[in-house]
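If you read the sequence from its start, that first residue is 1, and numbering goes on from there. When reading the values below, keep in mind they use all heavy atoms of this one structure, side chains included, and skip hydrogens, waters and symmetry mates. Counting starts at 1 for both ligands and their atoms, in listed order.
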Amino acid sequence: MAAQRQLIARSEELQDGGRGVRFEVQWHGETAAAFAIRSHGTVHAYLNRCRHVPTELDWQDGRFFDSSGQLLICSLHGALYQPDNGLCIAGPCHGLGLFKLRVAECDGQIYYLPETDI
Ligand code: FES
């Protein structure tokens, strides 16, 4: 049976380089923290789990971008990730990527689209 899409935010809640929204997903049989942000007009979502140490990235609830609003930053040791693909471009997990999640935006709403095999 296909997993149901999950409403995570209204479109206006996500501004380019601004606050993200946190939500939860089922990931390999466990509930895991996730987040969605908007960058260059497109919404992206990832597990909220740094690739250096598996801790949540946001230093304040929903604050995922660095001060430039261009890169995602881990609050613990400052790893920097590209918001469009989750690739770490600086820091202790350089070259690794955040776990990307599928999302869709339609009719002013943003949905998480669960994978059927996780
Ligand atoms: S835990 Fe994220 S950079 Fe170390």
Under 2.8 Å from atom 2 (Fe) of ligand 1, how many protein N/O/S atoms can be counted?
2

Checking salt bridge (Lys or Arg N to Asp or Glu O under 4.0 Å) for the pair Glu56/Arg22: CA distance, chi angles, key distance, verdict?
CA-CA 11 Å; Glu56 296 185 4; Arg22 295 169 52 99; 2.9 Å; yes

Regarding Gln26 and Thr31, do their side chains bring together a donor and an acceptor under 3.5 Å, going by distance alone?
yes

Distance-only, no hydrogens or angles: does the Ser39 side chain make a donor-acceptor pair with backbone N or O of Pro83 under 3.5 Å?
no

More than 12 foreign heavy atoms under 6.0 Å from CD of Glu12: is that the case here?
yes

Side-chain donor or acceptor of His94 paired with backbone N/O of Ile89 under 3.5 Å:
yes

Flag, side chain of Asp16 to backbone of His40, donor-acceptor distance under 3.5 Å:
yes

